[in-house]
Every structure is written in structure tokens, then in C-alpha cells.
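Data block below; observations after.
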Amino acid sequence: MKFLAATCLAGSLVLAGCAAPTDNSSSTSSSGTTAGGTGARVAERAAPVYPRDALSPLSSGEARSQSVVTLAPPTDMWDRIRRGFKMPNLESDLVRDREQWYASRPDYIQRMTERSNKYIFHIVEELERRNMPTELALLPYIESAFNPQAVSSARAAGMWQFMPATGTDFDLKQNIFRDDRRDVLASTRAALDYLQKLYGMFGDWQLALAAYNWGEGSVGRAIAKNQRLGLPTTYSDLTMPAETRMYVPKLQAVKNIVANPQAFNAELPLIANHPYFQTVTLTRDLDVELAAKLADVRIEDFRALNPAAHKPVLIASGTPQILLPWDNAAVFQRNFDAYSQGQYASWTAWVVPNTMTVADAAQRSGMSEADLRALNNVPPRMLIKAGSTLIVPRGARVKEDVAAVVADGGHLSFQPEIVNRRTTVKAGRNDSVASIARRYKLAPSNVAEWNDVKPNHAFKRGYSVVVYLPVRATAAARVGSGAGPAGARGRVAVAASKRPVQAATPRGKNVAKVPAGKQVVREKRGGTPAKQKR
């Protein structure tokens with residue numbers, strides 16, 4: 001037994017001698033390379049290092065690591081968002097004020113967070129792909145409460161609240177068929193592009209957020225002003241409007257609630273760490289209602305995932321893909337391929353060949369005037385200009401889908417519809433039918449008939465002469481969505497004749513009928529909008 005133990009001990013000593021490192025002085029050539037080659041270098045680097053002194057605890061700063069790998073995946077989206085927080089926290093009374101505001105409205109938080117269930121996975125995926133702070137996934141809570149159909153008083157639209165011009169700068173289409181400021185994928189891409197650009201400009205996420213709300217030019221000028229005065233240039237030090245001053249505190253308050261909902265007695269709904277929707281390629285023009293039916297989803301849910309389409313038809317050449325709930329994408333494709341009950345789309349686009357009235361356009365398209373106005377958002381007292389695109393019923397003989405050039409460039413343009421209004425003017429000394437007609441560029445025969453006098457009649461001074469003078473609605477700019485100018489939907493401002501005249505009827509009354517047979521353009525029917533004198 002002793003002999004066996006001695007043999008084992010001797011073998012251990014031999015192995016230890018083989019594994020011992022060689023002397024550096026004898027194993028290094030003149031060029032500085034290890035004599036043992038690559039294998040020897042790897043073995044030397046891999047050799048364990050044993051501490052010689054007593055162990056001491058690490059400080060919190062020394063324990064930090066830039067590459068920590070979590071073994072367990074996030075339990076839900078809230079956990080995933082918390083793991084990606086990177087922005088410095090803002091501590092201020094405004095933050096505490098917004099915390100109390102949100103915490104005192106649990107129903108609001110519940111509705112807002114449940115609405116985000118459809119979109120937040122995609123947003124977080126995009127943020128992580130770009131290595132951006134996941135706090136930014138909470139920004140739509142501040143902008144729109146995650147409502148992709150939200151429109152502000154300043155005409156900002158979508159859950160990221162893009163203004164029309166800014167949307168155009170970031171390639172968001174806005175035409176009569178779609179408004180990509182509301183599109184889930186396109187608006188998220190544009191918003192993150194914009195935020196990355198702003199962070200590159202200011203090097204600070206809080207200043208980038210201020211610029212997202214206030215504009216980069218405004219933030220730049222505020223920074224320059226503080227620099228001239230020798231003042232700090234952080235978010236808290238700049239002079240800014242109240243809305244922008246509250247912007248980052250609102251986001252910080254929501255971040256704090258998400259980070260620790262128990263501290264605010266808040267309940268966050270479970271949002272699985274899984275995609276909510278899939279993209280489906282659209283190969284044919286398709287009615288919105290039929291698309292929802294084929295996918296076996298409610299029309300409200302379909303519109304929530306495809307909010308950019310604001311017409312009853314989806315144009316395949318302009319809307320190449322649609323979003324559907326994850327489990328319904330395959331259902332849609334199967335039902336679409338098997339559909340054999342007629343046309344996929346009951347609507348199409350018609351490019352107006354020449355300028356015409358709404359009544360003429362309605363007659364040619366087979367619609368009522370009221371329906372054409374409502375579907376295409378045509379304001380009252382306007383003519384539809386040549387080249388405009390209207391949504392009209394698709395006849396059974398129409399086999400072709402809407403062309404890409406129409407889908408991408410579809411627009412509506414209007415020009416004022418001229419009407420004549422009954423007016424009285426005071427006759428001056430030596431005024432006659434002929435002189436009144438010349439003054440207002442009218443036919444003498446019309447002036448004579450309107451006043452029941454002969455064409456050579458001379459009026460007494462001060463006599464109230466009846467004339468019908470043209471008035472026109474204010475010019476409407478070319479629009480993509482079919483709506484009139486901002487703030488003017490449903491209203492028409494009437495511009496009076498340049499010459500001073502006296503109205504014979506109270507403001508807002510209907511235009512008086514013109515004697516039959518005269519060359520006067522009658523006011524088209526189509527509602528009685530409120531009038532506003534400009």
C-alpha cells in the first residue's frame with residue numbers, strides 16, 4: 001500500500017514539472033517571440049493566476065462592466081424596457097408634479113398602456129437595433145397617448161405627432177389615399193431618425209427631446225443665448241415655452257412609474273415580449289372592410305394597425321403592405337387566395353379631366369353630390385380643378401387597379417366658385433343704366449331688367465340701383481388629403497367687390513335668385529356653411 005502511494009506521489013511531481021512555465025529568459029528569441037510558438041503562448045496566457053495577498057471587497061465603481069450578458073430573457077415588455085434605460089434621470093419638482101398627476105389617474109394610465117400593446121414591441125425592437133435608449137419607447141405616451149389617429153390643434157398627426165412639413169422632410173407620404181404620419185412602421189422609422197439626428201446635433205438626450213418638441217432652431221438659439229450670457233446650457237437651464245419645459249418631466253414621470261409601478265400604486269397590463277403584428281404584402285386594391293373580414297378581425301382593430309389609410313379602399317401600388325395581428329396574417333392570406341365573390345375593391349381613383357363643379361363631378365361618377373363631398377372632403381363653394389384625383393365607385397367593367405403614378409401623386413386642388421350676389425348701389429349725379437353697367441363691368445340689358453327700366457334710363461341721384469355682383473370664396477391651396485386650409489374646413493370667407501357697395505340683405509342670408517335668362521352663375525347647392533368676413 002505504501003509503495004502504491006509513493007508511486008502516485010512521484011507521478012504527480014512529474015506532471016507538475018511538465019506543466020511548469022519555462023523561464024522567460026531562455027524561451028524568448030532575439031526578436032521577442034516565445035520559443036514555444038503559438039501553442040506555448042496560449043498555454044501561458046491560459047495559466048491560472050492565484051492571489052498572493054489577502055482578498056478585499058470591490059467598490060461599486062470597480063464592479064461595473066460594459067458587457068454584462070443576462071441569462072434570463074425579459075419576462076415581459078416592461079422588463080425589457082427597464083433593461084434598456086440609458087438616459088440620465090431628471091430630478092425636479094416638475095417631475096414630482098407629473099408623477100402625482102399620472103398616479104392620480106389610474107384609469108388613464110390603464111387605457112394608455114393597453115393601447116400601446118399593439119405597437120410597443122416594434123418600437124423597442126427598433127430602438128435596440130439602433131442602440132438607442134428604450135425610454136424613447138415611452139415618448140408616444142407623452143405625444144399622443146399612443147393614439148395613431150391623434151391630431152393636434154397645430155395639425156400634428158399620428159402617435160409621434162409629426163407636423164406636415166416635418167413629415168415631408170422625413171419621407172412620410174401625405175396624399176388623398178394615405179397619411180404616413182399615422183403609419184405605424186413609417187412614422188416610427190421617421191421619429192427615430194429625427195431623434196438620432198437631434199442627438200447628433202446636441203449630444204444630449206434631454207436637449208434632443210426639447211428640440212423634438214420645440215424645434216432644433218429654437219433650442220439652438222436658446223443655447224447660444226445662454227452661452228453669450230455665460231450661463232449653463234443644460235435642459236434645466238434654458239429658457240423655453242411652458243410646454244417644452246414640461247416635456248422631459250412628463251417623460252421622466254412615466255419612466256419612473258414604469259420602473260417602479262408599486263411605488264405609485266399603478267398596475268401595468270401584461271404586454272408579452274412577442275410581436276403583436278405581422279406585415280402582409282398587398283397585391284390588389286382592396287376595400288378596408290373586406291380586408292378586415294378576410295383577416296377575421298374587427299374593423300376597429302384593422303384600422304388601429306393601419307391608421308394611415310384614411311379612405312375606404314387600400315391602393316396596392318401606394319400601400320404595398322398591411323399590418324395584421326400575428327395569428328391573423330395566415331388567415332388573411334388563405335381567405336384572400338380563396339376569395340371568389342367579385343371584385344376586391346368597390347372604389348377606384350378618377351383623375352378629373354377638366355375643372356368642374358362638384359355637381360358635375362358627382363353626376364359623371366354616379367354619386368350624389370353629398371356623398372362625393374363627404375368621401376373626398378370637398379369644401380363648399382369650390383370648383384374641382386383639372387388633374388385632381390377623386391375616390392369614386394368602381395364599375396364592374398373596371399379591371400385595372402389604380403396606377404402607381406396616381407397612388408403616389410394623388411391630390412385635390414380647388415379654385416373658388418364665382419357666384420353673383422344681389423346688391424344695391426347709390427346712383428350718383430348723371431348716372432344711367434349705361435354708366436352703372438360700365439362701372440361694374442355688367443351688360444346694360446341686365447342692369448335695365450334688374451331695375452325694370454329701359455336700357456337708356458337715367459337714374460336720379462341717390463336712387464338705389466339693383467345689381468348682381470360676383471363674389472368668390474377665398475382660394476384653397478392644393479391639398480393632399482382633400483381637406484381645405486387649416487381652420488377653414490366647412491367655412492367659406494367671402495371677398496366683397498373692390499368697389500364700396502351696400503348689402504341689400506343681412507350677412508349670412510342665402511343669395512337672392514337672379515332673373516331667369518341672364519348671364520349669371522348661380523350659387524351651387526351643397527349646404528349652407530357659416531360665412532366669415534375677412
Side-chain angles (χ1 to χ4, degrees), residues 60-61 63-92 94-147 159-160 184 188-189 191-192 195-196 198-199 204-210 212-213 235 246-277 326:
S60 59
R64 280 180 153 177
S65 174
Q66 298 296 323
S67 57
V68 177
V69 179
T70 56
L71 299 180
T75 57
D76 59 12
M77 285 309 303
W78 305 117
D79 184 24
R80 185 173 177 180
I81 291 171
R82 293 182 195 111
R83 295 186 186 191
F85 285 166
K86 297 179 183 179
M87 290 171 52
N89 289 323
L90 178 67
E91 299 288 345
S92 70
L94 293 179
V95 174
R96 288 182 282 275
D97 175 78
R98 291 299 90 187
E99 289 174 347
Q100 294 177 2
W101 191 93
Y102 285 115
S104 63
R105 292 164 173 82
D107 293 343
Y108 178 75
I109 292 180
Q110 186 74 12
R111 290 194 305 272
M112 190 169 61
T113 50
E114 285 181 350
R115 192 183 294 133
S116 69
N117 175 45
K118 297 178 176 65
Y119 319 109
I120 202 162
F121 179 91
H122 171 72
I123 296 173
V124 173
E125 283 272 300
E126 285 297 300
L127 288 170
E128 290 178 346
R129 186 177 64 83
R130 298 170 183 239
N131 196 28
M132 296 173 70
T134 52
E135 289 97 325
L136 298 175
L138 309 176
L139 193 59
Y141 289 124
I142 311 305
E143 287 287 351
S144 63
F146 263 102
N147 179 8
M159 63 182 176
W160 294 98
V184 176
T188 299
R189 184 267 309 159
L192 301 192
L195 287 166
Q196 281 185 312
L198 295 173
Y199 180 73
D204 179 277
W205 279 115
Q206 293 178 358
L207 292 178
L209 289 169
Y212 188 88
N213 176 260
Y235 174 84
M246 295 295 293
Y247 194 67
V248 174
K250 285 181 181 179
L251 182 62
Q252 182 68 54
V254 174
K255 173 184 176 180
N256 294 345
I257 293 173
V258 169
N260 189 8
Q262 295 81 7
F264 300 93
N265 295 320
E267 292 185 8
L268 302 179
L270 176 64
I271 301 180
N273 184 24
H274 184 278
Y276 183 89
F277 56 77
W326 185 266

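Keep in mind the model is a prediction, meaning the values are calculated, not measured. Throughout, numbering of the chain's residues begins at 1 and tracks the sequence.
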What orientation do [X] and [Y] show, parallel under 30°, tilted 30 to 60°, or perpendicular over 60°?
X    : Y    : answer
Y199 : W205 : parallel
Y212 : Y247 : parallel
H274 : F121 : tilted

Mark yes or no for whether [X], through its side chain, and [Y], through its backbone, hold a donor-acceptor pair below 3.5 Å.
X    : Y    : answer
Y235 : A210 : no
E126 : R189 : no
R98  : L94  : no

- Message: Show, in sequence, the C-alpha distance, side-chain angles and deciding distance for D76 and L268, and conclude whether the side chain to side chain contact (heavy atoms under 4.5 Å, CB included) test is met.
- Response: CA-CA 11 Å; D76 59 12; L268 302 179; over 6 Å; no

- Apply the test side chain to side chain contact (heavy atoms under 4.5 Å, CB included) to residues I120 and I81: give CA-CA distance (whole Å), side-chain angles for both, the deciding distance (0.1 Å), then the verdict. CA-CA 10 Å; I120 202 162; I81 291 171; 3.6 Å; yes

- Ignoring hydrogens and angles, state whether a donor on the side chain of W160 or S144 is under 3.5 Å from an acceptor on the partner side chain.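 Not at all, the side chains of W160 and S144 share no donor-acceptor pair under 3.5 Å.
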
- Task: Could you go through the side chain to side chain contact (heavy atoms under 4.5 Å, CB included) check for M87 and L136 one step at a time?
- Result: CA-CA 9 Å; M87 290 171 52; L136 298 175; 4.2 Å; yes

Nearest 0.5 angstrom please: [X] [atom1] to [Y] [atom2], how far?
X    : Y    : atom1 : atom2 : answer
K250 : Y141 : NZ    : OH    : 16.0 Å
N117 : R115 : CG    : CZ    : 12.0 Å
N213 : L251 : CG    : CG    : 11.5 Å
Y108 : Y102 : OH    : OH    : 5.5 Å
W78  : R82  : CH2   : CZ    : 8.5 Å

Do the side chains of [Y] and [X] get nearer than 4.5 Å, heavy atoms only?
X    : Y    : value
L138 : V254 : yes
I271 : S116 : yes
T188 : M159 : yes
P74  : R83  : yes
L139 : L195 : yes
L90  : P249 : yes
W326 : F277 : no

- Item | Qualifying residues under side chain to side chain donor-acceptor pair (under 3.5 Å), relative to R80, sequence neighbours excluded |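 R80: side chain to side chain donor-acceptor pair (under 3.5 Å) contacts with E125, E128, N273.
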
- Query: If you take all heavy atoms of A137 and V124, which pair is closest and at what distance?
  - Reply: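 Smallest interatomic distance, heavy atoms only, reads CB-CG2, 3.8 Å.
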
- Closest non-hydrogen atom pair, P269 against T113: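 That would be CD-OG1, 3.1 Å.
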
Distance-only criterion, 3.5 Å: show the donor-acceptor pairs between side-chain atoms of residues 256-265 and protein atoms not counting sequence neighbours.
unit_1: N256; atom_1: OD1; unit_2: Q252; atom_2: NE2; d: 2.9
unit_1: N256; atom_1: ND2; unit_2: E99; atom_2: OE2; d: 2.6
unit_1: N256; atom_1: ND2; unit_2: Q252; atom_2: O; d: 3.4

- Task: Using the side chain to side chain contact (heavy atoms under 4.5 Å, CB included) rule, take M132 and L192 through it: C-alpha gap first, then chi angles, then the decisive distance, then the call.
- Result: CA-CA 9 Å; M132 296 173 70; L192 301 192; 4.3 Å; yes

- Task: Report yes or no: is the cationic atom of K255 (NZ for Lys, CZ for Arg) under 6.0 Å from the centre of the six-membered ring of F85, at an angle within 45° of the ring normal?
- Result: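 Because its charged atom sits under 6.0 Å from the ring centre and within 45° of the axis, K255 does stack over F85.
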
